[in-house]
Amino acid sequence: MDKVIMAKDLSLSYSNNETIINQVNFSINSGDFVFITGASGSGKSTLLKSIYGALKPKQGSLIVGGVELKGVLKSKLNFLRRHIGIVFQDYKLIKEWTIEKNIMLPLIINGYDKSITQSQVQKLLKHVRLNHQSGKYPLELSGGEQQRVAMARALAHNPILILADEPTGNLDDYSSQLIWNLLEGAKSQLNTTIVVVTHHIPESINVDYKHFHIEYGSIHEVN
Amino acid sequence: MKSIKNHLSLIIALLSILFSIQVFIIADRSIDAYKEKLANNYSVVVVSQKRLTDKTLLGINKIISSVTELEPDGIIKRLNANISPKNTELLKLTLPKFYKLKLKYFPTPDEINELTQDLLKNKNIKKVEDFSHTHDTTYKLLLLFKGVITVFSISMLVVTILLIFKELKIWQFNHSERMNVMGLFGAPVWLRSAVLFRLSIVDALIASVLAFIVFAYISSSTWILQHFSDVGIEVQMFNPVNDFLFLLVIAITLSILLASLIVLGHKEEV
Ligand SMILES: Nc1ncnc2c1ncn2[C@@H]1O[C@H](COP(=O)(O)OP(=O)(O)OP(=O)(O)O)[C@@H](O)[C@H]1O
Ligand SMILES: [Mg+2]
């Protein structure tokens, strides 16, 4: 099976050189549905940052989609990122764009033509139950609504890998279920690889999944 | 709302730069026009023992544009009306010759000195009257005027540029969020900064058009035209094609430069 993510003796730290992730080894296969748990401040978001190339490996190697991220060229990283969909913990929506345009962003970057973009965005707005708000700006939405926009944006371009940082952190049970259904659908219909950081794994989840736990800078798989 | 404010601050900054540049150009043109007028009124008088040909005089210094011989009749008339015509002719021959030299442009004091020296090297020339005292004062006044305008324009430029640098940080902040997010979804640098460049070029266009309107208005204002005609000079204050294009090129260059500074200064956050 294809390995979408492969970490070997991977260490991560910020500019202050404090080690957050310490020499970890793990791999994630194509089509895997992975939950990552861990205490607040344990380094879950940090690990995701390294997977989308915002934080370079301090030591060891990290290969994502066949691309070694240690010392990766900017152009190659951009290419890789165009095939990843990310839901950020702080959403990172573009404030001066309508939510419709925010969801379009990955489609614009990937150069899809207007009609495909339009129909894809309408479909996603319906899926996250925001089709009546498409003309609003992010700051006119509730936190949970913004989070659903972020999810729609991450799904827009049918990426091969979705990284979601607490995608249901601000949602009620009903909306959370919406999100889990969308992620399950992406896995089962498009074989998308999915990595979700969460504080607890939903009991209702309907797919086989792996569970990694981060503690004291190491990662181990929970069975 | 906030974005309109950002637009305005760049437009106003560009406009004030264009304004000070054009004011400097107008002042420079006025001074040139005034110098030409002075050159037309200014002349050097040469007294020579013998008749000199125009060619000889013109060959003495390149700055001389024309030579006129001053008729001695008036002088003779004043001497004595009773001199016989034959003696008058004789007297005319012995009288020194007077020549009025017109210059091509309004000379600097140094150029006047040089001209005087050159003229006196000719052994026939006995005296040169260059009216250098009056000339000196006028010339210094012109220089002072030009200096004041230059200082004014430069200080306006400096203040505007300082303001722009202060604003630059805010613009950088406003654009960095979008550029960052686009980068996280793999947008290449040109696409990330496309909006920024488009905005700044639009701002440059708006500023240039505003400058056009301002100067078209100023150059047709009778109040200002009256001032110029009082001084006796004719100056084109704003050429709607050349000057406009010049200002447009400056505005676009500046705004592209600013946008590039923002793009170069953008650091991907971790
Ligand atoms: N930009 C940064 N610069 C320096 N240190 C950072 C930065 N971001 C995070 N850290 C540190 O790295 C550690 C891990 O942070 P991280 O955001 O990965 O935690 P997390 O597991 O996602 O926590 P949470 O569940 O609260 O989101 C923390 O100690 C934090 O202080
Ligand atoms: Mg986190």
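The chains referred to below are lettered A, B, ... by the order of the sequence lines, with proteins before strands, and numbering in each begins at 1.
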Below 4.5 Å from any heavy atom of chain B, which atoms of A:K49 appear? Answer side chain, backbone, both or neither. side chain
Where does the angle between the aromatic ring planes of B:F215 and B:F238 fall among parallel (under 30°), tilted (30 to 60°) and perpendicular (over 60°)? parallel
Could B:R29 and B:D243 be called an ion pair, given the rule that one side-chain N must be under 4.0 Å from one carboxylate O? yes
Sort A:K95 into side chain, backbone, both or neither according to what part of it lies under 4.5 angstrom from a heavy atom of chain B. both
So what's closer than 4.5 Å to chain B heavy atoms on A:L93: side chain, backbone, both or neither? backbone
Minimum heavy-atom distance B:L247-B:S208, with the two atoms named: O-OG, 4.2 Å
Can you tell me which portion of A:L105 sits under 4.5 Å from chain B's heavy atoms? Options are side chain, backbone, both or neither. side chain
Assign the ring pair A:F33 / A:F35 to parallel, tilted or perpendicular, where the plane angle (0 to 90°) is split at 30° and 60°. tilted
